*Asks:* 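The following block contains the structure, expressed as structure tokens.
All figures in this text were calculated on a predicted structure; none of them were measured in a lab.
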Amino acid sequence: MTATSPVVPAAQGQAGCFHCGLPVPAGVDYSAMIQGQPRAMCCPGCQAVAETIAASGLENYYKHRTGPADAPEISTRELKTDFLKELALYDNPDLQREFVVASDEKREATMVIEGITCAACIWLLEHHLSKLDGILQVQVNLTNHRAIIRWDSSQQQLSQIMAEIYRIGYQAHPYQADREEQRLALEQKKALRRLGVAGIGMMQTMMLAIALYGGALQGMEAQYESFMRWISLIFATPVVLYSAQSFFQASLRDLKTRHLTMDVPVSIAIGGAYLASVWATITASGEIYFDSVTMFTLFLLTGRFLEMKARHRSGRAGNALLNLIPNSAIQLIDGTERLIPAGDLRPGMQILVKPGQTIPADGEIIAGQSSVDESALTGEYLPVAKQIGEPVVGGTMNVENPLTVKITNTGNDTQLSAIVRLLERAQADKPTVAKIADKVASYFVAIVLITASVVGISWWLLDPANAFWITLSVLVVTCPCALSLATPTALTAATATLREHGLLITRGHVLEALAAADDIVFDKTGTLTAGKLTLQQIIPLANISAAQCTQLAAALERHSEHPIAHAFQENNPELTATDIEVSLGLGLQGRIDTTVLRIGKPEYALEICPTQSVTPPTDSGLWLLLCDEHSPLAWFHLNDHLRPEASTAIQALQQLGLSCHLLTGDSSSAVNETVTALRLDYCMSGASPEQKLQYVNQLQAQGKRVIMVGDGINDIPVLAGSQTSIAMGSATDLAKTSADAVLVNHDLTRLADGIRLARKSRRIIQQNLAWSLCYNLTALPLAAFGFIAPYMAALGMSLSSLVVVSNALRLGRIPKNKAAASGKIR
């Protein structure tokens, strides 16, 4: 298709680009013939992708899709030679070993596909790839965006398959699940199977138990009672031998190590009640307790499963953090470029890092100057100017100009690896509360076992016929069912309520820690502020309007990838700038029609009109000056802005009695403005990840109970090291993985809601524990003296659990703010 073809106007049902839906810039005339009609395209990339789809006979994609596709990052259908060379690295057998399964000439790879928006994307990918030579099978999953591709390596190379995926507007990456992830997935599957067996077994035995209870009251013929007992035995046996297997294994381990936990009395109760019930079934004498056994097992397994889910979230950030390092690097040998795997880099090598590429290892600049985006490490949203002799860090991104870098550190010696080690060390520290709880639990279990032993021996001497059943009643009564449910049921109810209100709890200790917290530490950029520069103010200096000045500035800035340029992106320029020249750290120069313009720092912009002078505005923030060859034209004020609810949220937290700290890697004047505007109690600026962690550790060493709220990769160690950590919903996946909770809706006022509900949940937990204790103290002597039969003990245990659960359901609503202002609910 040519750019001169008539295009169907937007009034006929098309708004913007037919492929991606973005606005078509004024003066741009790209189109492609789709379904017999010329369709408008916003750029050559969308035109190339659309023409590829049409040429492949896959125009039905546009009929099936439910929304526009993402704009393609590859701007032309013919991919660049350097990009094809990088894809060719995936043909290396050593690199394929991690994600490709080989059998003779047959290969199978799992790829993650980016850019999928609906089912039509799946249809397009599967049909387009299936037409390639040597492709045996293509399956794309809409839920997780993973594709399983099988091909004949004698006819097709993996790099060619990946190139075809890019050509139709998507991006493909190898999916590499590490061994730890596979182990966690296997553990979760086993837990689900045990939970399912226990649930089915409990439902069936409870159904039969109701009939047996009714028969005991109204009478039942012996053969029917025996039949139901044997059927109950059949249903309960898989629950005990399979579902409860983990309890028995853990109790044997504890006995060998002489460290008593709840698993010991739980195993004795489950095993004892089951064996006694089997004996009663075989001999047709005594009572059976298969319903109690299965119910108890299901309750405990449910709690263990929720605990396991929370535990699995804690260890995944480290591997993902190291994924910031790119797969390849461009090595320079006597001026010749050579693409090599990043894992082959060694200290002393020289590499070329082009604009937009990630630096693969720590090094020192030996040629070139550019700006480097270090937000992953420092949290500062503005790139830092770098020149010859200055260090650069692996995992950061080169923004503007090519750099030649001499490698200084690789592998475990890089700063990113150091952050991972900090994360692992912080996660390895066990809270003092957890250590105390483990010790108390051991004493509790010992008391239970001693009590049951004393009761058993006493009754054996007095009445051997009833000794076993009375001892079993004591074990059932003292089984920590209500005690073990007292905390998790309240936490579950409160967690569900907070999730509905936008605060997602990912670990079990969060509510307890929130209730006890007295200090809260915030990151600045992306947490208290929006995290991006916006155009705050325009001050015209000549006889042209602010709108005209903005159009001139946007026409220049559209040629830059600097974050400053993003502040002008909302203004679609109708003008076109040519002859663009970039001055590192200073600004841009270009020509619009016959007029030469500059935008950037005042001293740089004024160089083209040296006879003029202006006085910069006194307001803080970033001020850019726009000049032509004759005079200054306008001031542009750019700044990051506070979240609108930040002030209200800080005030609510302070009313609850919390001290509010600001801990940021930013060292600009914006930090003081934030402290003043929000009336924060303490501040530390220019902090590295190590300094942030040290600051929080010092607070905790003083006895403070700290909440950390952050969003950046640089916050990961301190998020892991604080007693309670909360990540913003817009945070990186790594930060959210390391955090104990995620503020999904970005509303900072939900932090105060969370603390109020946490304090209420603590009161509920205390009430539940008090009830459980009273129940045990009342029922234990009755059971020990033979007044409670085992079935009565099991029924009492169930009723006690019901009371605990019902009380926990009161956490279904966020408490009002009536008592929050006093800060006394601690």
*Asks:* For R810, give me all partners under salt bridge (charged side-chain N to carboxylate O under 4.0 Å, His left out), at least two apart in sequence or on another chain.
*Replies:*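 Partners of R810 under the salt bridge (charged side-chain N to carboxylate O under 4.0 Å, His left out) test: none.
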*Asks:* What verdict does the side-chain contact (heavy atoms from CB on, under 4.5 Å) test give for F290 and V239, after you've listed the backbone C-alpha separation in whole Å, the side-chain angles of each residue and the deciding distance to 0.1 Å?
*Replies:* CA-CA 10 Å; F290 294 124; V239 176; over 6 Å; no
*Asks:* Taking all heavy atoms of V474 and all of A452, pick out the closest pair and write down the distance.
*Replies:*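 Nearest pair, atom of V474 first, then A452: CG1-CA, 4.1 Å.
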*Asks:* Under the rule for side-chain hydrogen bond (donor to acceptor under 3.5 Å, both in side chains), what residues qualify as partners of T205, not counting sequence neighbours?
*Replies:*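 T294.
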*Asks:* Please determine whether side chain to side chain donor-acceptor pair (under 3.5 Å) holds for the pair Q245 and R194, giving the CA-CA distance in whole Å, both sets of side-chain angles, and the decisive distance to 0.1 Å.
*Replies:* CA-CA 9 Å; Q245 185 183 59; R194 288 192 174 115; 3.3 Å; yes
*Asks:* For Y242 and K190, which heavy atoms make the closest approach, and how far apart are they?
*Replies:*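 Distance-wise, the nearest heavy atoms are OH-O, 4.2 Å.
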*Asks:* Mind checking side-chain contact (heavy atoms from CB on, under 4.5 Å) for E221 and listing every partner two or more places apart, or none if nothing turns up?
*Replies:*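 Expected list: Q223, Y224.
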*Asks:* Between OG of S232 and CD1 of I288, what distance do you get to the nearest 0.5 Å?
*Replies:*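 Result: 4.5 Å between the selected atoms.
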*Asks:* Go through D518 and L658 one step at a time and tell me if the side-chain contact (heavy atoms from CB on, under 4.5 Å) criterion holds.
*Replies:* CA-CA 5 Å; D518 44 31; L658 277 77; 5.5 Å; no
*Asks:* W230: what forms a side-chain contact (heavy atoms from CB on, under 4.5 Å) with it, not counting sequence neighbours?
*Replies:*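 Partners of W230 by the side-chain contact (heavy atoms from CB on, under 4.5 Å) criterion, ordered by chain and then number, come out as S226, L233, T281, I282.
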*Asks:* Of all residues at least two apart in sequence or in a different chain, which pass the side-chain hydrogen bond (donor to acceptor under 3.5 Å, both in side chains) check with T237?
*Replies:*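 T237 satisfies side-chain hydrogen bond (donor to acceptor under 3.5 Å, both in side chains) with Y274 once adjacent residues are dropped.
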*Asks:* How long is the gap from CD1 on I470 to CZ on F787, to the nearest 0.5 Å?
*Replies:*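 It comes to 10.0 Å.
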*Asks:* What's the separation between atom CG in L514 and atom CD1 in I707, rounded to the nearest 0.5 Å?
*Replies:*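 Between atom CG of L514 and atom CD1 of I707 there are 4.5 Å.
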*Asks:* Under the side-chain contact (heavy atoms from CB on, under 4.5 Å) test, which residues partner L192, sequence neighbours left out?
*Replies:*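 For L192 the side-chain contact (heavy atoms from CB on, under 4.5 Å) partners, ignoring immediate neighbours, are Q188, F305.
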*Asks:* Applying side-chain contact (heavy atoms from CB on, under 4.5 Å), name anything that partners S761, two or more places apart in sequence or on another chain.
*Replies:*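 Expected list: A494, L511, A758, L811.
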*Asks:* Looking at residues at least two apart in the chain, or sitting in another chain, which of them share a side-chain hydrogen bond (donor to acceptor under 3.5 Å, both in side chains) with E108?
*Replies:*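 Result, side-chain hydrogen bond (donor to acceptor under 3.5 Å, both in side chains) vs E108: R150.
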*Asks:* Step through the shown structure and confirm whether more than 12 heavy atoms of other residues, nucleotides or ligands are within 6.0 Å of CZ on F227.
*Replies:*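 Not buried by this count: 12 neighbours or fewer within 6.0 Å.
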*Asks:* The criterion is side-chain hydrogen bond (donor to acceptor under 3.5 Å, both in side chains); which residues satisfy it with R107, sequence neighbours excluded?
*Replies:*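 With sequence neighbours excluded, R107 shows a side-chain hydrogen bond (donor to acceptor under 3.5 Å, both in side chains) to no residue whatsoever.
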*Asks:* Which heavy atom of G754 sits nearest a heavy atom of L503, and at what distance?
*Replies:*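 Smallest heavy-atom distance, with atoms named: CA-CD2, 4.1 Å.
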*Asks:* Would the distance check show the side chain of S243 and the main-chain N or O of A198 forming a donor-acceptor pair, the cut-off being under 3.5 Å?
*Replies:*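 Indeed, once roles are kept as given, a pair shorter than 3.5 Å links the two residues.
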*Asks:* What residues form a salt bridge (charged side-chain N to carboxylate O under 4.0 Å, His left out) with R229, not counting sequence neighbours?
*Replies:*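 Once residues adjacent in sequence are excluded, the partners of R229 under the salt bridge (charged side-chain N to carboxylate O under 4.0 Å, His left out) criterion are E225.
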*Asks:* Between atom CE of M207 and atom CG of D291, what is the distance when rounded to the nearest 0.5 Å?
*Replies:*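 Nearest 0.5 Å value for the CE-CG distance: 12.5 Å.
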*Asks:* Using only atom types and a distance under 3.5 Å, with no angle test, would you say the side chain of E126 pairs donor to acceptor with the backbone of V140?
*Replies:*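 A pair under 3.5 Å: yes.
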*Asks:* Looking only at non-hydrogen atoms, find the nearest pair between Y289 and A273 and report the distance.
*Replies:*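 Shortest heavy-atom contact: CB-CB, 4.5 Å.
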